[in-house]
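Please read through the structure below; I'll follow up with questions.
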Amino acid sequence: MIRGLLLPAAVGVLLLALAGPAAALPPPGTYTYTVQHPQHGDIGTYTNTIRQNGDTVTVDTKVRIQVKVAFIPVFKLDADRQEQWRDGRLVAYSSVTHKNGDEIRVSGHAEGDKFVIQGPNGTVAAPADVVPTNPWSLDITRADVVMTSESGRVVDAHLAARKDETLTVGDQQIPTRHFQVVADTSHDLWFDPQGRVVRFATRDEDQTISFILRR
């Protein structure tokens, strides 16, 4: 019902050509997104908490999604993830996902010129510049290889399109740069001039799941 989440991301060198250059990294803080399904409406939340200490950035992600049909739960996903970045490189990753009763664990660490991932399908050595599909920064827009946040699968990625757009969020008009990244599926991301993701979406042949920042 719901494909791997972007978004993910993680995701700082490009600048937004809007009113001025965007920050390489978004401001530290907690960013909570409402998750919207095309048939079921609001189905949960996706939260990134960004903390910076010197040259180390830690991103904690919490996903809480539940879909009900006639008040009966038909899909549930709870995930808790953490990324640690140092000098722009992913150095550690951990994820525990509970999906419809099944547990999925993924961990990873930097090792020389590789990032070693342990997941459901064993151990994989990804390139050092691999980026999780969690859209918290602009890194995902320049990634050649991404790691799916839920399963740890390594997938080639490329930037398919980008353009300036103005988004309406509540009663606000926000200038953004819209990126489309193709990897495990197609991911759309809208960044504001401060480098914050104000909206993102995961698209496949059947549906689009949208994540909208709460203002």
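Values in this document were obtained by computation on a predicted structure and should not be read as measured data. The first residue of the sequence shown is numbered 1, and numbering continues consecutively from there.
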(message) Ignoring hydrogens and geometry beyond distance, is a side-chain donor-acceptor pair present between Thr56 and Arg86 at under 3.5 Å?
(response) yes
(request) Output all residues satisfying side-chain hydrogen bond (donor to acceptor under 3.5 Å, both in side chains) with Gln172, sequence neighbours left out; order by chain, then residue number. (result) Arg215
(request) Classify the ring geometry between Tyr46 and Tyr33 as parallel (under 30°), tilted (30 to 60°) or perpendicular (over 60°). (result) perpendicular
(request) Quick one: closest heavy-atom pair of Pro26 and Gly195, and the distance? (result) CB-O, 3.5 Å
(request) Answer whether the closest heavy-atom distance between the side chains of Leu189 and Val181 falls below 4.5 Å. (result) yes
(message) Hydrophobic clusters here meaning ILVMFWY residues chained together by side-chain heavy-atom distances under 4.5 Å, can you tell me if Val69 and Ile43 are in one?
(response) yes
(message) Check for me, please, whether Val182 and Phe211 land in the same ILVMFWY cluster - side-chain distances under 4.5 Å, paths through other members count.
(response) no
(request) Indicate whether the side chain of Thr168 and that of Gln173 have a donor and an acceptor atom separated by less than 3.5 Å. (result) yes
(request) Examine Phe200 and Leu213 and state if one hydrophobic cluster contains both, with Ile, Leu, Val, Met, Phe, Trp and Tyr joined whenever side-chain heavy atoms are less than 4.5 Å apart. (result) yes
(request) Using distance alone, with no hydrogens and no angle criterion, decide if Thr185 and Thr202 have a side-chain donor and acceptor under 3.5 Å apart. (result) no
(message) Does either side chain, that of His187 or that of Gln180, offer a donor lying less than 3.5 Å from an acceptor on the other one?
(response) no
(message) Between Thr176 and Glu165 (side chain of the first, backbone of the second, donor and acceptor by atom type, cut-off under 3.5 Å), is there such a pair?
(response) yes
(request) With sequence neighbours excluded, tell me which residues meet ring pair (Phe, Tyr, Trp, His ring centres under 6.0 Å) with His178. (result) Trp190
(request) For residues Pro127 and Phe115, report the shortest heavy-atom separation together with the two atoms involved. (result) O-CB, 3.8 Å
(message) Side-chain heavy atoms nearer than 4.5 Å, only ILVMFWY residues, links allowed to pass through others: does that put Trp85 and Val145 together?
(response) yes
(message) Please determine whether side chain to side chain contact (heavy atoms under 4.5 Å, CB included) holds for the pair Phe191 and Thr141, giving the CA-CA distance in whole Å, both sets of side-chain angles, and the decisive distance to 0.1 Å.
(response) CA-CA 11 Å; Phe191 289 85; Thr141 67; 4.0 Å; yes
(message) Test side-chain hydrogen bond (donor to acceptor under 3.5 Å, both in side chains) on Thr34 and Asp42; report intermediate values, then the result.
(response) CA-CA 7 Å; Thr34 298; Asp42 294 353; 5.4 Å; no
(message) If we ignore hydrogens and angles and just use 3.5 Å, is the side chain of His158 paired with the main-chain N or O of Ala160 as donor and acceptor?
(response) no
(message) Is there a path of hydrophobic side-chain contacts, each under 4.5 Å between heavy atoms, that joins Leu25 and Val91?
(response) no
(message) So which atom in Val106 and which in Pro120 form the shortest heavy-atom distance, rounded to 0.1 Å?
(response) CG2-CD, 4.1 Å
(message) Once ring pair (Phe, Tyr, Trp, His ring centres under 6.0 Å) is applied, do any residues pair with Tyr31, and if so which ones, sequence neighbours excluded?
(response) none
(request) Taking atom types as modelled, find out whether Asp184 and Thr148 have a side-chain donor-acceptor pair closer than 3.5 angstrom. (result) no
(message) Walk me through whether Asp129 and Arg89 qualify under salt bridge (Lys or Arg N to Asp or Glu O under 4.0 Å).
(response) CA-CA 6 Å; Asp129 59 354; Arg89 178 184 178 180; over 6 Å; no
(request) Evaluate salt bridge (Lys or Arg N to Asp or Glu O under 4.0 Å) for Lys99 paired with Glu150, printing each intermediate quantity in order. (result) CA-CA 10 Å; Lys99 185 175 182 179; Glu150 180 180 306; 3.2 Å; yes
(request) Answer yes or no: is there an ion pair linking Arg199 with Asp188, defined by an N-O contact shorter than 4.0 Å? (result) no
(request) Can you tell me which residue pairs pass the side-chain hydrogen bond (donor to acceptor under 3.5 Å, both in side chains) test with a partner in residues 68-78, sequence neighbours excluded? (result) none
(request) In plain terms, say whether Arg64 and Asp80 are close enough for a salt bridge, that is, a side-chain N and a carboxylate O under 4.0 Å apart. (result) yes
(message) Within the 3.5 Å criterion, strictly below it, is a donor on Thr45 or Thr32 matched to an acceptor on the partner's side chain?
(response) no
(request) Measure across Val130 and Met147 and return the closest heavy-atom pair with its distance rounded to 0.1 Å. (result) CG2-N, 3.7 Å
(request) State, to 0.1 Å, how close Ile50 and Val57 come at their nearest heavy-atom pair, and which atoms those are. (result) CG2-CG1, 4.0 Å
(message) Holding to side chain to side chain contact (heavy atoms under 4.5 Å, CB included), I want the full list of residues that pass it with Ala79, two or more places apart in sequence or in another chain.
(response) Val63, Leu77, Arg81, Thr97
(request) Could you tell me which residues satisfy side chain to side chain contact (heavy atoms under 4.5 Å, CB included) with Thr123, sequence neighbours excluded, listed by chain and number? (result) Val116, Gln118
(request) Return the minimal non-hydrogen interatomic distance between Tyr93 and Ser149, and the atom names on each side. (result) OH-O, 2.7 Å
(request) Taking Ser151 for its side chain and Arg153 for its backbone only, find out whether a donor-acceptor pair lies under 3.5 Å. (result) yes
(request) For the residue pair Arg105 and Ser95, confirm or rule out a side-chain donor-acceptor distance under 3.5 Å. (result) no
